[in-house]
Protein chains: 2
Amino acid sequence: MTTRGRPDDAGEGVRQRKRRETLQRIRDRGICLFIEKGYAATTLDDIAAAAGISRRTFFYYFKSKDEILLSLQNDVGDMLVDALGRVPQDRRPLDAIRDAAVDVCALIPADDMIAIDRLMRESDAVQARKQASYVEQEKALFAALRERWPDPSRETGLRLVAMLAIGAMRLATDAFNRQGGKRPMPELLNEAFDALEAEI
Amino acid sequence: MTTRGRPDDAGEGVRQRKRRETLQRIRDRGICLFIEKGYAATTLDDIAAAAGISRRTFFYYFKSKDEILLSLQNDVGDMLVDALGRVPQDRRPLDAIRDAAVDVCALIPADDMIAIDRLMRESDAVQARKQASYVEQEKALFAALRERWPDPSRETGLRLVAMLAIGAMRLATDAFNRQGGKRPMPELLNEAFDALEAEI
DNA sequence: CTTGAAAATTACACTCGGTGCGATAATATT
DNA sequence: AATATTATCGCACCGAGTGTAATTTTCAAG
């Protein structure tokens, strides 16, 4: 396999490692610049220079400037689906999502959430793509739910549950950011889900 | 008032009329070009030329290329709120929205809906903004509902209703376009709302 | 009808995001 | 060592969108 003594080490070649590092570097430096100078005022040239790559190479890692911020949003979606897989099998759909959501938001530093949210609000295009990503999350969530409850007669119900859950998360997230993170995210999340259960 | 004999005519001056006409001309010619050549392949120069204006003037009427398509989407949102105002006062919130939605979609030619939807799918940015506009519609709908049912204790419920209603409309619209308009929109809309009521 | 303000139109120059292409270097595979 | 993949880069190019300032068209008031 490997040319040298270490037979398999971490199972990660130089290429993979460098790729991961570069990706992360672009993200970090990019976000720092966004915070320093503002989203619009930060050019791709700035980011490329700060990350030590060429402008052209940036597009080898990200499809667009937006994607720097959007990739973070998408990561949350992935984490949610992962967390859902770890929730005990006996929970009801809506409760399972609630648990998963609480787990995920515990992993994300409040300051980061607020900073990213603020940045996203600077650009209409990014803000729009964020809403679009909610729709994607809804789809992913529904797919995950259907895997656990494959009964076809429940499809519409599960679709609805996914919709409501994402809605509740949106409400909680908005409240969190509007209050500047004064109240903890899990609390707001549980309130939103409680309100939901009460209404249904 | 007016220089000539006609004292007030239609209550519309030359300026207003020209503005309205130009706006409509840009929209029409633009959409025609989009259909002919594709969204991305149609440049603003093309549109400006076809509408008989300069490139710069285009931006006096629309904030961006996206907005040509988005303005149509937003019009639907406005129509929905209007229609909601004309629904009898005694209907339940969700039913009121259902009625309004059915009224509105009866006014929109199926071919137009399909054409616009196809165009919107050509651009990720437009598609994203479409999702964002759903969020706006949700807000507008909620505001309209709260006006009719001002009881503060119902706020969360109404917010939820608005969310669900927009969700149902999204489902119906998606189904409609996926099937290429084979089944009439009001039918799909009623089905979606029925499914919703059944689940709740 | 004239006049002065407000709104509409335009040209021009410029920035920046994003793409296509082709060359070159780094890594992986055999 | 030879060869294929993948990563990096430069360059030229397109098109969206903005700032500015000049010019024309409409409107309202005297």
Side-chain angles (χ1 to χ4, degrees), chain A residues 1-4 6-26 30 33-34 37-71 122-126 128-129, chain B residues 1-26 30 33-34 37-70 122-126 128-129:
Chain A
M1 290 272 175
T2 27
T3 20
R4 278 293 208 61
R6 300 184 308 177
D8 219 341
D9 201 16
E12 194 189 43
V14 178
R15 240 176 217 172
Q16 272 183 307
R17 200 199 67 238
K18 275 195 176 180
R19 181 166 188 85
R20 193 172 38 75
E21 285 171 355
T22 306
L23 200 90
Q24 197 53 47
R25 210 168 53 246
I26 297 174
L33 288 172
F34 289 160
K37 313 173 47 173
Y39 180 81
T42 302
T43 71
L44 290 184
D45 282 315
D46 293 339
I47 298 170
I53 56 171
S54 75
R55 202 179 108 80
R56 196 68 188 78
T57 298
F58 170 86
F59 289 103
Y60 192 76
Y61 285 89
F62 291 91
K63 279 197 305 199
S64 68
K65 187 181 174 184
D66 296 351
E67 259 216 0
I68 297 178
L69 295 176
L70 263 300
S71 67
E122 281 187 48
S123 156
D124 286 353
V126 173
R129 280 182 195 274
Chain B
M1 288 270 177
T2 27
T3 20
R4 279 290 208 62
R6 300 183 306 174
D8 218 343
D9 202 16
E12 194 189 42
V14 178
R15 238 176 220 174
Q16 271 183 307
R17 201 198 67 235
K18 276 195 174 178
R19 182 166 187 85
R20 195 173 37 75
E21 285 170 354
T22 306
L23 201 92
Q24 197 53 49
R25 209 168 54 246
I26 296 174
L33 287 172
F34 290 160
K37 312 174 46 172
Y39 180 80
T42 303
T43 71
L44 290 184
D45 282 315
D46 293 339
I47 298 170
I53 56 170
S54 77
R55 202 179 106 79
R56 196 67 186 79
T57 299
F58 169 85
F59 290 102
Y60 193 75
Y61 284 89
F62 291 91
K63 277 198 306 200
S64 69
K65 187 180 172 183
D66 296 352
E67 258 215 359
I68 297 178
L69 294 177
L70 263 300
E122 280 186 49
S123 157
D124 285 352
V126 173
R129 280 181 195 275

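The chains referred to below are lettered A, B, ... by the order of the sequence lines, with proteins before strands, and numbering in each begins at 1.
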The side chain to side chain contact (heavy atoms under 4.5 Å, CB included) partners of B:Arg19 (sequence neighbours excluded) come to B:Tyr60, B:Tyr61
List the atom of A:Lys65, the atom of A:Thr42, and the distance in Å for their closest heavy-atom pair.
NZ-O, 2.8 Å
Can you confirm whether B:Ile68 sits close enough to B:Ile47 that some side-chain heavy atom of one is under 4.5 Å from a side-chain heavy atom of the other?
yes
Rounded to whole angstrom units, what separation is found between the CD atom of A:Gln16 and the C1' atom of D:dA7?
14 Å
Nucleotide N/O of nucleotides 9-11 of chain D paired with protein N/O under 3.5 Å:
unit_1 : atom_1 : unit_2  : atom_2 : d
D:dC9  : OP2    : A:Ser54 : N      : 2.9
D:dC9  : OP2    : A:Thr57 : OG1    : 3.0
D:dG10 : O6     : A:Arg56 : NE     : 3.4

Can you tell me how far P of D:dG15 sits from CG of B:Leu33, to the nearest Å?
14 Å
Whole angstrom is fine here: how far is it from OH in A:Tyr60 over to C1' in D:dA7?
5 Å
Under 3.5 Å, is there a donor-acceptor pair between the side chain of B:Arg25 and the main chain of B:Ala51?
yes
Per atom distances to the A:Val14 side chain, the nearest of C:dT9, D:dA16, C:dA28 is C:dA28
Just jot down the side chain to side chain contact (heavy atoms under 4.5 Å, CB included) partners of B:Ser64, sequence neighbours excluded, or say none.
B:Asp66, B:Glu67
Between P on D:dT6 and CG on A:Leu23, what's the gap in Å once rounded to a whole number?
17 Å
Please check the phosphate of C:dA8 (OP1 and OP2 only) for any side-chain N or O of B:Tyr61 closer than 4.0 Å.
no
Looking at side-chain heavy atoms only, is the closest gap between A:Arg56 and A:Phe59 below 4.5 Å?
yes
Report the distance from atom CZ of A:Phe58 to atom P of D:dA7, rounded to the nearest whole Å.
16 Å
Of the candidate nucleotides C:dG18, D:dT25, C:dT27, which contains the atom at the shortest distance from the side chain of A:Lys18?
C:dT27
Distance, rounded to the nearest Å, where A:Glu67 contributes CD and C:dG17 contributes C1':
14 Å
I want to confirm an ordering. Mapping B:Gly13 and B:Leu44 to their closest nucleotides on DNA chain D, which one lands closer to the 5' end?
B:Leu44
SB check B:Arg17 B:Glu21 (cutoff 4.0 Å):
yes
Sugar-phosphate, base or nothing in reach of A:Phe62, heavy atoms under 4.0 Å:
nothing
Mind calculating the distance between CG (A:Asp45) and C1' (C:dT15) to the nearest angstrom?
11 Å
Choose from D:dT25, D:dT8, C:dT27 the nucleotide whose nearest atom is closest to any side-chain atom of A:Arg15.
C:dT27
Rounded off to whole Å, could you give me the OH-to-C1' distance for the A:Tyr39 and C:dT15 pair?
16 Å
